[in-house]
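Proteins come first, then strands; the chains are lettered A, B, ... in the order of their sequence lines, and each starts at number 1.
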2 protein chains.
Amino acid sequence: MKKKKLSINDIAKSLDISATTVSFILNGHAVEKRIRKELVERVLKYVEEVGYKPNSLARSLRTGKSNTIGLMVEDISNPYFSGIARFIEENAYKNGYKIIYSSTDNDPEKTKDLIQMFRERHVDGYIISAPVGVEEDINELIAAGLPVVLFDRVLQGVETDAVEVDNNASTYNAINHLIDRGYKNIGLVTLISVQSQMLGRLQGYKSALSEQGLKEHVVEIPFSKDQENNINHILTFLESKKDLDAVLFGTNYLAISGLKAIKRLGLTIPDDLAVIAFDNHDLFELSFPSITAITQPIAEIANEVITILLKKLNSDPLVTIGNQSVVLPTSMIIRDSTKKIK
Amino acid sequence: MKKKKLSINDIAKSLDISATTVSFILNGHAVEKRIRKELVERVLKYVEEVGYKPNSLARSLRTGKSNTIGLMVEDISNPYFSGIARFIEENAYKNGYKIIYSSTDNDPEKTKDLIQMFRERHVDGYIISAPVGVEEDINELIAAGLPVVLFDRVLQGVETDAVEVDNNASTYNAINHLIDRGYKNIGLVTLISVQSQMLGRLQGYKSALSEQGLKEHVVEIPFSKDQENNINHILTFLESKKDLDAVLFGTNYLAISGLKAIKRLGLTIPDDLAVIAFDNHDLFELSFPSITAITQPIAEIANEVITILLKKLNSDPLVTIGNQSVVLPTSMIIRDSTKKIK
DNA sequence: ATGAAAGCGCTAACAT
DNA sequence: ATGTTAGCGCTTTCAT
């Protein structure tokens, strides 16, 4: 029972018609080409019967479209990104697109290579949470007419569609929440980063504090895959700032590392230190005490991203549609880690 | 500065040689074909200069290899799977393979479609955590000579490479740990499932209990993406079994749902109920109390999977190499949720 | 030591 | 209403 791979020619021969006709029928040009209904049905039936599937490689080579979307995230094992990947994937498959993904590690060199690879593969569209340093490469994609949607952060000097959350307002509100509850020495643990989302978060933090005439306490940690590394940086920071009464963590994994650090120091939340995390996580609901968190609307982010991309993919390439820049609001889930006890 | 896409013919023409020669040089057949060193260098230099990249679609069409691996997991947003995806991806890219992935939702129909899609795309190898019901489809892949590596679970009647953990021994040990600590009414929250890994976990649970003459308390929950759904099932179970003093959760997300359910019921861990989770999670370290967890060696699982697959991919297709079945041990991290207080 | 030519499987402009 | 034909860009056999 050797299932020989059938080609469109095999089908044509078996049915004693030309490959062209088969191709037309299979691609829905039957009506337009006025092919006999009877023939159309016969072909469709036969194709179904023998289980013929067109070779998409050949089709892609011919049409120049691969029906593939390239997805590049910072780290697929980060629940924020894997959550988004999940939604994007689902939506893409529904629309006949496959996803090829990769993690960038925030490394511009790696990311450039990946863009190159994806391009060789002729992916039809790109979804990227990009590190700083790949602006040129992305501009080249755009110049080549390839649809690119950025998310999570934008890039200076890159004009394309983008989906973000309102980072600035998010941390601004979070800090004000802390101030309302009576906290005065509020720290920020963030990344050494020129990435737009981190800058926005830093900015919101600064604005809120300066409005109230409070002092800033910021530590910027280098991006690292190693959790222990992050924990150590945070430990050092917390030990050098004994008077802190609250701290905002700029990402979900910084918050996780931070909680571990706080635990090691034997500090009590929120009595010794109040905590807010950027990004929600199951952990923050179930840890003790539960952790107040800024929640990003993952489903909507993914949805906006894929909707914009699909629209570009399906639009007439001659008709330029303006770039969309979507900024979504976050929400804050107030839990026990910011509950003023005094 | 319109960067026209260069083809091998453009290169050949510019250099006034044939495409054949360029192809040979680019594919490392220069020596074997005894092409002049001087020419080789000139071609390489020019190619580098103009940034020519072969069209991999065309190459794939011709060679029948796509340098792509299809990865199918239950749910990419589950940290177990996204963690594995991360390692696999990294290793694959290093070896010149790209990953195209999809989540199966444990749905055999969806999975069949995906296998079909991946096959149309001519992926070179498959990595699958498969739901029951796709045995035939996978056997077809194998019959067609396509390398398949299963992981997390195996499939009845499918003979191929597989990487698992020792599920049976893992839960057996976990239950014995509970028994040692004096727990007697030990429940198991698992999935309604005929999947091998869940059966193994159930089996280990049963063996341990029966050895000690203890009674089983099992609830089997239908697979669902909706956490609230899981929580409700667990709530019902816990309320109907007031005499339970310990519970083992069969997966990480069941444990998370379970912890939420326990919290809602106002039960104290471990005084009212001891808890063990299958699969580790940051949460289990940081929740209060911390949760004892069976830890799967994610890096090793991913590593075995990709190593086996690459070996098959690189081996002479004529030389059949026997299937490898790797069973890795888990470890148990004992935390406070199983700390006998009495 | 290098090139001509065929062909992977498909699509679509151009016949008829 | 259907078929002929010419590629898409690459690899590879066979010639020279």
Side-chain angles (χ1 to χ4, degrees), chain A residues 3-44 46-47 50-68 96 119-124, chain B residues 3-44 46-47 50-68 96 119-124:
Chain A
K3 247 191 192 160
K4 262 213 57 181
K5 198 70 181 152
L6 294 165
S7 82
I8 198 169
N9 277 309
D10 298 328
I11 304 293
K13 246 172 242 162
S14 302
L15 258 34
D16 208 27
I17 54 179
S18 86
T20 310
T21 309
V22 179
S23 173
F24 282 148
I25 293 176
L26 258 32
N27 292 304
H29 301 319
V31 176
E32 160 196 350
K33 293 289 175 181
R34 300 195 249 176
I35 297 173
R36 273 180 295 134
K37 253 211 150 135
E38 177 263 315
L39 216 203
V40 173
E41 271 162 27
R42 200 152 60 89
V43 170
L44 256 23
Y46 183 74
V47 161
V50 298
Y52 163 73
K53 298 280 175 180
N55 179 330
S56 55
L57 246 32
R59 172 182 285 170
S60 293
L61 178 60
R62 182 61 232 234
T63 61
K65 303 195 78 321
S66 65
N67 284 306
T68 306
R119 197 157 177 200
E120 280 171 42
R121 294 243 138 194
H122 291 230
V123 309
D124 295 334
Chain B
K3 247 191 192 159
K4 261 213 58 181
K5 198 70 181 152
L6 295 165
S7 83
I8 197 169
N9 277 309
D10 299 328
I11 303 293
K13 248 172 240 161
S14 303
L15 258 33
D16 208 27
I17 54 177
S18 84
T20 309
T21 308
V22 178
S23 173
F24 282 150
I25 293 176
L26 258 32
N27 291 303
H29 300 320
V31 176
E32 157 197 353
K33 292 290 174 181
R34 299 195 249 174
I35 297 174
R36 273 178 297 132
K37 255 210 150 139
E38 178 264 316
L39 216 203
V40 172
E41 270 161 27
R42 198 152 61 89
V43 170
L44 254 25
Y46 182 74
V47 161
V50 299
Y52 163 72
K53 297 280 175 181
N55 179 328
S56 55
L57 247 30
R59 173 181 285 169
S60 292
L61 178 59
R62 181 61 230 234
T63 60
K65 303 197 78 326
S66 65
N67 283 308
T68 306
R119 197 157 176 199
E120 281 170 43
R121 295 245 138 193
H122 290 230
V123 308
D124 295 334

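In this structure, the side-chain contact (heavy atoms from CB on, under 4.5 Å) partners of Glu32(A), at least two apart in sequence or on a different chain, are His29(A). Taking Lys13(A) as the reference, nothing meets the side-chain contact (heavy atoms from CB on, under 4.5 Å) condition, with sequence neighbours excluded. Among residues two or more places apart in sequence or in another chain, the side-chain hydrogen bond (donor to acceptor under 3.5 Å, both in side chains) test is passed with Thr21(A) by Ser18(A). Applying the side-chain hydrogen bond (donor to acceptor under 3.5 Å, both in side chains) test to Arg36(A) and every residue at least two apart in sequence or in another chain returns Glu38(A). Under the rule for a side-chain hydrogen bond (donor to acceptor under 3.5 Å, both in side chains), the partners of Ser14(A) that lie at least two apart in sequence or sit in another chain are Tyr46(A). Here Ser23(A) pairs with Asn27(A) under the side-chain hydrogen bond (donor to acceptor under 3.5 Å, both in side chains) rule; sequence neighbours left out. Contacts of Ser60(A) classified as side-chain contact (heavy atoms from CB on, under 4.5 Å), with partners at least two apart in sequence or in another chain: Ser66(A), Leu57(B).
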Pairs under 3.5 angstrom, nitrogen or oxygen only, protein versus nucleotides 1-4 of chain D, please.
unit_1, atom_1, unit_2, atom_2, d
dA1(D), O5', Arg34(A), O, 2.7
dT2(D), OP1, Arg36(A), NE, 2.4
dT2(D), OP1, Arg36(A), NH2, 2.5
dT2(D), OP2, Arg36(A), N, 2.8
dG3(D), OP2, Ser18(A), N, 2.8
dG3(D), OP2, Ser18(A), OG, 3.4
dG3(D), OP2, Thr21(A), OG1, 2.8
dT4(D), O4, Thr20(A), OG1, 2.7

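In this structure, the NZ atom of Lys65(A) is 16 Å from the P atom of dG9(D), given to the nearest Å. Following rounding to the nearest Å, Arg119(B) (CZ) and dG9(C) (P) show an atom-to-atom distance of 14 Å. In this entry the distance linking CG of Leu26(B) with P of dT12(D) reads 13 Å, nearest Å. The distance from atom NZ of Lys13(B) to atom P of dC10(D) is 12 Å, rounded to the nearest whole Å. Distance Lys37(B) NZ to dT2(C) C1': 19 Å, rounded to the nearest Å. If you measure from atom CD1 of Ile11(A) to atom C1' of dT11(C), you get 16 Å, rounded to the nearest angstrom. Summarising the geometry, the separation between CG on Leu61(A) and P on dG9(D) is reported as 7 Å, rounded to the nearest angstrom. Atom CZ of Arg59(A) and atom P of dC10(C) are 8 Å apart (whole Å).
Contact check, Asn27(A) against dT11(C): a side-chain N or O comes under 4.0 Å of OP1 or OP2. Distances shown here put a side-chain N or O of Ser23(B) below 4.0 Å from the OP1 or OP2 atom of dT11(D). The shortest distance between the side-chain N/O atoms of Tyr52(B) and the OP1/OP2 oxygens of dG9(D) is not below 4.0 Å.
Heavy atoms of Ser7(A) sit under 4.0 angstrom from primed sugar atoms or phosphate atoms, though from no base atom.
With hydrogens and angles ignored, no donor-acceptor pair under 3.5 angstrom links the side chain of Arg62(B) to the base of dG9(D).
A distance of 10.5 Å separates CZ of Arg121(A) from CG of Asn55(B), quoted to the nearest 0.5 Å.
Tyr52(A) is not listed as a side-chain neighbour of Asp10(A), based on a closest heavy-atom distance of 4.5 Å or more.
Toward the 5' end of DNA chain C, the nearer of the two residues His29(A) and Leu57(A), judged by each one's closest nucleotide, is Leu57(A).
Rounded to 10 degrees, the angle separating the terminal helix axes of the helix from dA1(C)-dT16(D) to dT16(C)-dA1(D), each built from five base pairs, is 50°.
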